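The structure appears below as C-alpha coordinates.
Worth knowing before you read on, the calculation uses all heavy atoms, side chains too, and leaves out hydrogens, waters and symmetry mates. Keep in mind that this is a model prediction, so the values were computed, not measured.
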2 protein chains.
Amino acid sequence: MPAVKPDLETRLAEDHHQAIKLWLRLLTCTNLITGQIRTRLREHFQTTLPRFDLLAQLERHPEGLKMSELSKRMMVTTGNVTGITDQLEAEGLVRREPDPQDRRACTVKLTPRGRQVFARMAQEHEGWVIELFEGLSSSEKELMYTLLGKLKTHLNGKEARR
Amino acid sequence: MPAVKPDLETRLAEDHHQAIKLWLRLLTCTNLITGQIRTRLREHFQTTLPRFDLLAQLERHPEGLKMSELSKRMMVTTGNVTGITDQLEAEGLVRREPDPQDRRACTVKLTPRGRQVFARMAQEHEGWVIELFEGLSSSEKELMYTLLGKLKTHLNGKEARR
DNA sequence: GCTAAATATTTTAGGCTTAAAGCAAAAGCG
DNA sequence: CGCTTTTGCTTTAAGCCTAAAATATTTAGC
(Lines give C-alpha, C1' and ligand atoms only; values in the text may rest on other atoms or scores of the structure.)
Protein backbone atom coordinates (compact mmCIF):
# COMPACT_ATOMS: atom_id res chain seq x y z
CA MET A 1 0.00 0.00 0.00
CA PRO A 2 1.33 3.45 -0.84
CA ALA A 3 1.91 5.38 2.35
CA VAL A 4 1.66 9.00 1.25
CA LYS A 5 -0.86 9.15 -1.54
CA PRO A 6 -3.90 7.86 0.33
CA ASP A 7 -3.38 10.41 3.09
CA LEU A 8 -3.11 13.25 0.64
CA GLU A 9 -6.17 12.09 -1.21
CA THR A 10 -8.10 11.65 1.98
CA ARG A 11 -7.07 15.09 3.19
CA LEU A 12 -8.25 16.63 -0.06
CA ALA A 13 -11.52 14.76 -0.11
CA GLU A 14 -12.17 15.82 3.44
CA ASP A 15 -11.37 19.40 2.61
CA HIS A 16 -13.92 19.30 -0.15
CA HIS A 17 -16.53 17.75 1.96
CA GLN A 18 -15.70 20.26 4.66
CA ALA A 19 -16.33 23.33 2.50
CA ILE A 20 -19.60 21.91 1.20
CA LYS A 21 -20.85 20.97 4.64
CA LEU A 22 -19.91 24.38 5.96
CA TRP A 23 -21.68 26.09 3.08
CA LEU A 24 -24.87 24.09 3.55
CA ARG A 25 -24.94 24.84 7.24
CA LEU A 26 -24.25 28.53 6.67
CA LEU A 27 -27.12 28.64 4.21
CA THR A 28 -29.43 26.78 6.58
CA CYS A 29 -28.77 29.18 9.44
CA THR A 30 -29.29 32.21 7.23
CA ASN A 31 -32.53 30.77 5.90
CA LEU A 32 -33.82 29.98 9.37
CA ILE A 33 -33.08 33.50 10.56
CA THR A 34 -34.45 35.34 7.53
CA GLY A 35 -37.52 33.14 7.73
CA GLN A 36 -38.13 34.14 11.34
CA ILE A 37 -37.54 37.81 10.69
CA ARG A 38 -39.69 37.83 7.57
CA THR A 39 -42.59 36.19 9.38
CA ARG A 40 -42.37 38.56 12.32
CA LEU A 41 -42.07 41.66 10.12
CA ARG A 42 -45.19 40.56 8.32
CA GLU A 43 -47.18 39.66 11.43
CA HIS A 44 -46.13 42.65 13.52
CA PHE A 45 -45.79 45.38 10.92
CA GLN A 46 -47.34 44.12 7.67
CA THR A 47 -44.09 44.72 5.89
CA THR A 48 -41.29 42.78 4.26
CA LEU A 49 -37.56 42.33 4.75
CA PRO A 50 -36.44 44.26 1.66
CA ARG A 51 -38.68 47.21 2.57
CA PHE A 52 -37.27 47.15 6.09
CA ASP A 53 -33.77 46.88 4.72
CA LEU A 54 -34.20 49.91 2.48
CA LEU A 55 -35.53 52.00 5.35
CA ALA A 56 -32.65 50.83 7.54
CA GLN A 57 -30.12 52.02 4.98
CA LEU A 58 -31.74 55.43 4.83
CA GLU A 59 -31.91 55.68 8.61
CA ARG A 60 -28.16 55.22 8.70
CA HIS A 61 -27.74 57.97 6.10
CA PRO A 62 -29.94 60.93 6.98
CA GLU A 63 -28.47 62.90 4.09
CA GLY A 64 -30.17 60.43 1.76
CA LEU A 65 -28.83 57.91 -0.72
CA LYS A 66 -28.81 57.60 -4.50
CA MET A 67 -30.65 54.67 -6.02
CA SER A 68 -27.32 53.21 -7.08
CA GLU A 69 -25.95 53.53 -3.56
CA LEU A 70 -29.00 51.79 -2.15
CA SER A 71 -28.51 49.05 -4.71
CA LYS A 72 -24.89 48.48 -3.66
CA ARG A 73 -25.65 48.51 0.04
CA MET A 74 -28.66 46.24 -0.26
CA MET A 75 -26.79 43.95 -2.65
CA VAL A 76 -29.63 43.89 -5.15
CA THR A 77 -30.01 45.26 -8.67
CA THR A 78 -30.98 48.87 -9.27
CA GLY A 79 -34.10 47.67 -11.03
CA ASN A 80 -35.11 46.00 -7.81
CA VAL A 81 -34.48 49.15 -5.80
CA THR A 82 -36.72 51.06 -8.19
CA GLY A 83 -39.65 48.82 -7.39
CA ILE A 84 -39.22 48.84 -3.63
CA THR A 85 -38.70 52.61 -3.59
CA ASP A 86 -41.86 53.06 -5.64
CA GLN A 87 -43.85 51.24 -2.99
CA LEU A 88 -42.32 52.99 0.00
CA GLU A 89 -42.82 56.31 -1.73
CA ALA A 90 -46.46 55.46 -2.40
CA GLU A 91 -46.79 54.60 1.29
CA GLY A 92 -45.28 57.97 2.17
CA LEU A 93 -42.26 56.56 4.01
CA VAL A 94 -39.56 57.80 1.64
CA ARG A 95 -39.25 60.58 -0.91
CA ARG A 96 -37.23 60.90 -4.13
CA GLU A 97 -35.55 64.28 -4.40
CA PRO A 98 -34.13 65.36 -7.75
CA ASP A 99 -30.38 65.86 -7.78
CA PRO A 100 -29.61 69.46 -8.80
CA GLN A 101 -26.20 68.44 -10.15
CA ASP A 102 -27.35 65.50 -12.22
CA ARG A 103 -30.79 65.32 -13.74
CA ARG A 104 -30.56 61.54 -14.19
CA ALA A 105 -30.12 60.93 -10.50
CA CYS A 106 -32.19 61.37 -7.40
CA THR A 107 -31.59 61.17 -3.69
CA VAL A 108 -33.92 59.03 -1.62
CA LYS A 109 -34.66 60.19 1.91
CA LEU A 110 -36.83 59.09 4.78
CA THR A 111 -39.90 61.24 5.33
CA PRO A 112 -40.61 62.22 8.94
CA ARG A 113 -43.30 59.57 8.98
CA GLY A 114 -40.88 57.06 7.51
CA ARG A 115 -38.37 57.80 10.23
CA GLN A 116 -41.07 57.41 12.86
CA VAL A 117 -42.43 54.16 11.47
CA PHE A 118 -38.95 52.72 11.06
CA ALA A 119 -37.93 53.59 14.62
CA ARG A 120 -40.75 51.48 16.00
CA MET A 121 -39.88 48.54 13.77
CA ALA A 122 -36.14 48.78 14.36
CA GLN A 123 -36.49 48.47 18.09
CA GLU A 124 -38.43 45.24 17.90
CA HIS A 125 -36.24 43.95 15.12
CA GLU A 126 -33.14 44.39 17.22
CA GLY A 127 -34.72 42.33 19.97
CA TRP A 128 -35.51 39.54 17.52
CA VAL A 129 -31.97 39.38 16.23
CA ILE A 130 -30.53 39.30 19.73
CA GLU A 131 -32.92 36.51 20.62
CA LEU A 132 -32.14 34.52 17.50
CA PHE A 133 -28.42 34.66 18.26
CA GLU A 134 -28.78 33.77 21.92
CA GLY A 135 -27.53 30.29 21.09
CA LEU A 136 -24.02 31.76 21.02
CA SER A 137 -22.12 33.34 23.89
CA SER A 138 -20.68 36.79 23.49
CA SER A 139 -17.20 35.47 22.77
CA GLU A 140 -18.56 32.94 20.31
CA LYS A 141 -20.38 35.71 18.46
CA GLU A 142 -17.17 37.71 18.43
CA LEU A 143 -15.29 34.72 17.07
CA MET A 144 -17.85 34.06 14.38
CA TYR A 145 -17.84 37.73 13.44
CA THR A 146 -14.09 37.56 12.95
CA LEU A 147 -14.23 34.40 10.88
CA LEU A 148 -16.97 35.81 8.68
CA GLY A 149 -14.88 38.95 8.26
CA LYS A 150 -12.06 36.89 6.88
CA LEU A 151 -14.42 35.06 4.57
CA LYS A 152 -15.99 38.30 3.42
CA THR A 153 -12.60 39.82 2.59
CA HIS A 154 -11.76 36.77 0.52
CA LEU A 155 -15.09 36.91 -1.30
CA ASN A 156 -14.82 40.60 -2.05
CA GLY A 157 -11.32 40.11 -3.39
CA LYS A 158 -12.67 37.42 -5.68
CA GLU A 159 -15.48 39.71 -6.80
CA ALA A 160 -13.07 42.55 -7.56
CA ARG A 161 -10.83 40.30 -9.61
CA ARG A 162 -13.53 39.53 -12.15
CA MET B 1 -21.17 58.43 39.34
CA PRO B 2 -22.85 55.06 39.72
CA ALA B 3 -20.27 52.34 39.31
CA VAL B 4 -22.30 49.32 38.24
CA LYS B 5 -25.15 50.59 36.12
CA PRO B 6 -23.16 52.24 33.33
CA ASP B 7 -21.12 49.10 32.83
CA LEU B 8 -24.20 46.96 32.64
CA GLU B 9 -25.82 49.29 30.18
CA THR B 10 -22.71 49.45 28.09
CA ARG B 11 -22.38 45.70 28.12
CA LEU B 12 -25.97 45.31 27.00
CA ALA B 13 -25.70 47.92 24.29
CA GLU B 14 -22.60 46.21 22.98
CA ASP B 15 -24.29 42.84 23.05
CA HIS B 16 -27.11 44.27 20.97
CA HIS B 17 -24.80 45.85 18.54
CA GLN B 18 -22.79 42.65 18.44
CA ALA B 19 -25.70 40.43 17.42
CA ILE B 20 -26.84 42.89 14.76
CA LYS B 21 -23.38 43.29 13.33
CA LEU B 22 -22.91 39.55 13.27
CA TRP B 23 -26.24 39.06 11.56
CA LEU B 24 -25.50 41.63 8.87
CA ARG B 25 -22.14 40.09 8.16
CA LEU B 26 -23.59 36.60 8.05
CA LEU B 27 -26.18 37.79 5.57
CA THR B 28 -23.58 39.57 3.47
CA CYS B 29 -21.39 36.48 3.20
CA THR B 30 -24.33 34.29 2.27
CA ASN B 31 -25.46 36.78 -0.35
CA LEU B 32 -22.00 37.04 -1.87
CA ILE B 33 -21.71 33.27 -2.11
CA THR B 34 -25.20 32.61 -3.48
CA GLY B 35 -24.65 35.42 -5.96
CA GLN B 36 -21.45 33.80 -7.25
CA ILE B 37 -22.99 30.36 -7.43
CA ARG B 38 -26.14 31.61 -9.11
CA THR B 39 -24.16 33.47 -11.77
CA ARG B 40 -21.91 30.52 -12.47
CA LEU B 41 -24.79 28.05 -12.65
CA ARG B 42 -26.47 30.31 -15.17
CA GLU B 43 -23.35 30.92 -17.27
CA HIS B 44 -22.02 27.37 -17.22
CA PHE B 45 -25.20 25.33 -17.21
CA GLN B 46 -28.12 27.66 -17.99
CA THR B 47 -29.78 26.66 -14.78
CA THR B 48 -30.69 28.14 -11.42
CA LEU B 49 -29.84 27.50 -7.79
CA PRO B 50 -33.23 26.09 -6.78
CA ARG B 51 -33.24 23.69 -9.71
CA PHE B 52 -29.74 22.58 -8.79
CA ASP B 53 -30.76 22.25 -5.16
CA LEU B 54 -33.71 20.04 -5.99
CA LEU B 55 -31.57 17.75 -8.13
CA ALA B 56 -28.97 17.61 -5.35
CA GLN B 57 -31.56 16.45 -2.86
CA LEU B 58 -32.67 13.70 -5.20
CA GLU B 59 -29.10 12.63 -5.90
CA ARG B 60 -28.66 12.08 -2.17
CA HIS B 61 -31.84 9.98 -2.08
CA PRO B 62 -31.89 7.57 -5.01
CA GLU B 63 -35.08 6.00 -3.67
CA GLY B 64 -36.80 9.30 -4.44
CA LEU B 65 -38.49 11.90 -2.25
CA LYS B 66 -42.05 13.04 -1.70
CA MET B 67 -42.88 16.62 -2.60
CA SER B 68 -43.31 17.40 1.08
CA GLU B 69 -39.90 15.94 1.89
CA LEU B 70 -38.30 18.02 -0.82
CA SER B 71 -40.05 21.05 0.61
CA LYS B 72 -38.65 20.42 4.10
CA ARG B 73 -35.13 19.71 2.89
CA MET B 74 -35.04 22.69 0.56
CA MET B 75 -36.65 24.92 3.19
CA VAL B 76 -39.24 26.31 0.78
CA THR B 77 -43.01 25.93 0.54
CA THR B 78 -44.59 22.94 -1.14
CA GLY B 79 -46.13 25.30 -3.68
CA ASN B 80 -42.67 26.34 -4.66
CA VAL B 81 -41.52 22.74 -5.05
CA THR B 82 -44.46 22.07 -7.34
CA GLY B 83 -43.30 24.75 -9.76
CA ILE B 84 -39.65 23.73 -9.82
CA THR B 85 -40.54 20.06 -10.20
CA ASP B 86 -42.86 20.92 -13.10
CA GLN B 87 -39.97 22.51 -14.93
CA LEU B 88 -37.43 19.79 -14.24
CA GLU B 89 -39.97 17.18 -15.27
CA ALA B 90 -40.64 19.07 -18.50
CA GLU B 91 -36.87 19.10 -19.09
CA GLY B 92 -36.78 15.36 -18.52
CA LEU B 93 -34.45 15.50 -15.52
CA VAL B 94 -36.88 14.19 -12.90
CA ARG B 95 -40.02 12.08 -12.89
CA ARG B 96 -43.06 12.01 -10.62
CA GLU B 97 -44.07 8.48 -9.75
CA PRO B 98 -47.49 7.88 -8.22
CA ASP B 99 -47.43 6.46 -4.72
CA PRO B 100 -49.26 3.11 -4.68
CA GLN B 101 -50.10 3.51 -0.96
CA ASP B 102 -51.43 7.06 -1.17
CA ARG B 103 -53.10 8.44 -4.24
CA ARG B 104 -52.53 12.05 -3.18
CA ALA B 105 -48.77 11.65 -3.01
CA CYS B 106 -46.01 11.05 -5.50
CA THR B 107 -42.35 10.22 -5.32
CA VAL B 108 -39.94 12.35 -7.31
CA LYS B 109 -36.89 10.62 -8.76
CA LEU B 110 -33.98 11.56 -10.96
CA THR B 111 -34.20 10.18 -14.48
CA PRO B 112 -31.02 8.60 -15.84
CA ARG B 113 -30.48 11.76 -17.85
CA GLY B 114 -31.10 13.86 -14.75
CA ARG B 115 -28.50 11.91 -12.84
CA GLN B 116 -26.04 12.34 -15.66
CA VAL B 117 -26.65 16.07 -16.06
CA PHE B 118 -26.46 16.64 -12.32
CA ALA B 119 -23.18 14.74 -11.98
CA ARG B 120 -21.50 17.12 -14.39
CA MET B 121 -22.85 20.18 -12.59
CA ALA B 122 -22.11 18.85 -9.11
CA GLN B 123 -18.44 18.38 -9.84
CA GLU B 124 -17.94 21.96 -10.94
CA HIS B 125 -20.16 23.24 -8.17
CA GLU B 126 -18.04 21.53 -5.54
CA GLY B 127 -14.98 23.26 -6.97
CA TRP B 128 -16.67 26.63 -6.77
CA VAL B 129 -17.65 26.18 -3.15
CA ILE B 130 -14.15 25.08 -2.18
CA GLU B 131 -12.74 28.09 -3.97
CA LEU B 132 -15.20 30.48 -2.34
CA PHE B 133 -14.25 29.23 1.12
CA GLU B 134 -10.51 29.30 0.49
CA GLY B 135 -10.34 32.44 2.61
CA LEU B 136 -10.54 30.20 5.67
CA SER B 137 -8.05 27.57 6.77
CA SER B 138 -9.21 24.05 7.41
CA SER B 139 -9.32 24.57 11.17
CA GLU B 140 -11.16 27.87 10.75
CA LYS B 141 -13.77 26.15 8.61
CA GLU B 142 -14.07 23.47 11.24
CA LEU B 143 -14.51 26.10 13.93
CA MET B 144 -17.12 27.99 11.97
CA TYR B 145 -18.95 24.77 11.25
CA THR B 146 -19.12 24.07 14.97
CA LEU B 147 -20.32 27.55 15.83
CA LEU B 148 -22.98 27.42 13.15
CA GLY B 149 -24.04 24.05 14.49
CA LYS B 150 -24.66 25.58 17.87
CA LEU B 151 -26.59 28.43 16.31
CA LYS B 152 -28.63 26.04 14.20
CA THR B 153 -29.59 23.97 17.22
CA HIS B 154 -30.74 27.09 19.01
CA LEU B 155 -32.75 28.23 15.99
CA ASN B 156 -34.39 24.86 15.51
CA GLY B 157 -35.34 24.76 19.17
CA LYS B 158 -36.96 28.14 18.76
CA GLU B 159 -38.81 26.95 15.67
CA ALA B 160 -40.10 23.84 17.42
CA ARG B 161 -41.36 25.83 20.39
CA ARG B 162 -43.83 27.81 18.26
C1' DG C 1 -19.14 71.98 -30.33
C1' DC C 2 -19.83 67.20 -31.78
C1' DT C 3 -19.78 62.64 -31.07
C1' DA C 4 -18.89 58.41 -28.48
C1' DA C 5 -18.69 56.26 -24.23
C1' DA C 6 -20.12 56.04 -19.64
C1' DT C 7 -23.52 56.56 -16.00
C1' DA C 8 -28.18 56.72 -13.35
C1' DT C 9 -32.32 55.08 -13.50
C1' DT C 10 -36.42 52.72 -15.31
C1' DT C 11 -38.66 49.16 -17.84
C1' DT C 12 -39.41 44.43 -19.26
C1' DA C 13 -39.64 39.49 -19.24
C1' DG C 14 -39.07 35.61 -16.67
C1' DG C 15 -38.11 32.88 -12.61
C1' DC C 16 -38.35 32.34 -7.40
C1' DT C 17 -40.93 32.67 -3.19
C1' DT C 18 -44.48 33.12 0.02
C1' DA C 19 -49.09 32.88 2.19
C1' DA C 20 -53.40 31.47 1.62
C1' DA C 21 -57.11 29.03 -0.56
C1' DG C 22 -58.60 24.87 -2.89
C1' DC C 23 -59.02 19.91 -3.76
C1' DA C 24 -58.75 15.23 -3.19
C1' DA C 25 -57.53 11.35 -0.46
C1' DA C 26 -56.46 9.30 3.96
C1' DA C 27 -56.90 8.80 8.90
C1' DG C 28 -59.23 9.20 13.18
C1' DC C 29 -63.26 8.77 15.79
C1' DG C 30 -67.94 8.33 17.43
C1' DC D 1 -70.15 3.15 8.70
C1' DG D 2 -70.34 8.29 8.29
C1' DC D 3 -68.33 12.48 9.64
C1' DT D 4 -64.59 15.52 10.73
C1' DT D 5 -59.88 16.51 10.66
C1' DT D 6 -55.58 16.02 8.75
C1' DT D 7 -52.46 15.45 5.07
C1' DG D 8 -50.23 15.93 0.29
C1' DC D 9 -50.23 18.48 -3.35
C1' DT D 10 -51.64 22.27 -6.59
C1' DT D 11 -53.27 26.81 -7.63
C1' DT D 12 -53.46 31.74 -7.07
C1' DA D 13 -52.16 36.45 -6.13
C1' DA D 14 -48.71 39.38 -4.88
C1' DG D 15 -44.04 40.64 -4.05
C1' DC D 16 -38.94 39.90 -4.72
C1' DC D 17 -35.16 39.46 -7.79
C1' DT D 18 -32.32 39.15 -11.82
C1' DA D 19 -30.49 40.07 -16.45
C1' DA D 20 -30.96 42.68 -20.24
C1' DA D 21 -32.78 46.38 -22.95
C1' DA D 22 -34.31 51.13 -23.07
C1' DT D 23 -34.05 56.08 -21.85
C1' DA D 24 -32.02 60.15 -20.60
C1' DT D 25 -28.18 62.64 -19.18
C1' DT D 26 -23.40 63.50 -18.33
C1' DT D 27 -18.59 63.12 -19.37
C1' DA D 28 -14.55 62.64 -22.42
C1' DG D 29 -12.10 62.98 -26.50
C1' DC D 30 -11.33 65.10 -30.57
* What nucleic acid atoms does B/Met74 come within less than 4.0 Å of, heavy atoms only: base, sugar-phosphate, or nothing? -> nothing

* Which part of the nucleic acid, if any, lies within contact of A/Thr82, taking any heavy atom under 4.0 Å across all strands shown: a base, the sugar-phosphate backbone alone, or nothing? -> base

* To the nearest 0.5 angstrom, please state how far the CG atom of A/Leu26 sits from the CG atom of A/Leu148. => 7.0 Å

* Spacing of NE2 belonging to B/His154 relative to CG belonging to A/Leu32, to within rounding of 0.5 Å -> 11.0 Å

* To do: Begin with the C-alpha distance, continue with both residues' side-chain angles, and end with the deciding distance and a verdict on side chain to side chain contact (heavy atoms under 4.5 Å, CB included) for A/Arg96 and A/Met67.
  => CA-CA 9 Å; A/Arg96 279 179 174 92; A/Met67 300 296 276; 3.6 Å; yes

Any sub-3.5 Å donor-acceptor pair from [X]'s side-chain atoms to [Y]'s backbone N or O?
| X | Y | answer |
| --- | --- | --- |
| A/Thr111 | A/Leu93 | yes |
| A/Thr78 | A/Ser71 | no |
| A/Gln18 | B/Ser138 | yes |

Looking at [X], I'd like to know whether one of its side-chain N or O atoms comes within less than 4.0 Å of OP1 or OP2 on [N].
| X | N | result |
| --- | --- | --- |
| A/Ser68 | C/dT9 | yes |
| A/Gln87 | D/dC16 | yes |
| B/Asn80 | C/dT18 | yes |

* Measure from the ring center of A/His125 to the ring center of B/Trp23 and say whether it is less than 6.0 Å. => no

How many whole angstroms separate atom [atom1] of [X] from atom [atom2] of [N]?
| X | N | atom1 | atom2 | result |
| --- | --- | --- | --- | --- |
| B/Asn31 | D/dC16 | CG | P | 15 Å |
| B/Leu41 | D/dA19 | CG | P | 12 Å |
| A/Arg38 | D/dC17 | CZ | C1' | 13 Å |
| B/Leu49 | D/dT18 | CG | C1' | 13 Å |
| B/Lys72 | D/dT7 | NZ | C1' | 11 Å |
| B/Ile84 | D/dT10 | CD1 | C1' | 14 Å |
| B/Arg51 | C/dG14 | CZ | P | 13 Å |
| A/Asp86 | D/dG15 | CG | P | 12 Å |

* NZ/NE/NH1/NH2 to OD/OE distance under 4.0 Å, A/Arg40 and A/Glu124 -> no

Which nucleotide in [options] has an atom nearest any side-chain atom of [X]:
| X | options | value |
| --- | --- | --- |
| A/Thr77 | D/dA19, D/dG15, C/dT18 | D/dA19 |
| A/Thr78 | C/dT9, C/dC16, D/dT18 | C/dT9 |
| A/Arg42 | C/dT17, D/dC16, C/dA20 | C/dA20 |

* Aromatic rings B/Trp128 and B/Phe45: how do their planes relate, parallel, tilted or perpendicular, breaks at 30° and 60°? -> tilted

* Of all of residues 100-111 of chain B, which get a heavy atom below 4.0 angstrom from DNA chain C, listed by number? -> B/Gln101, B/Asp102, B/Arg103, B/Arg104

* Asked: Within a radius of less than 6.0 Å around CD of B/Gln123, do more than 12 heavy atoms belonging to other residues, nucleotides or ligands occur?
  -> no

* **Estimated bend of the helix from C/dG1-D/dC30 to C/dG30-D/dC1 (axis per five terminal pairs, rounded to 10 degrees)** => 20°

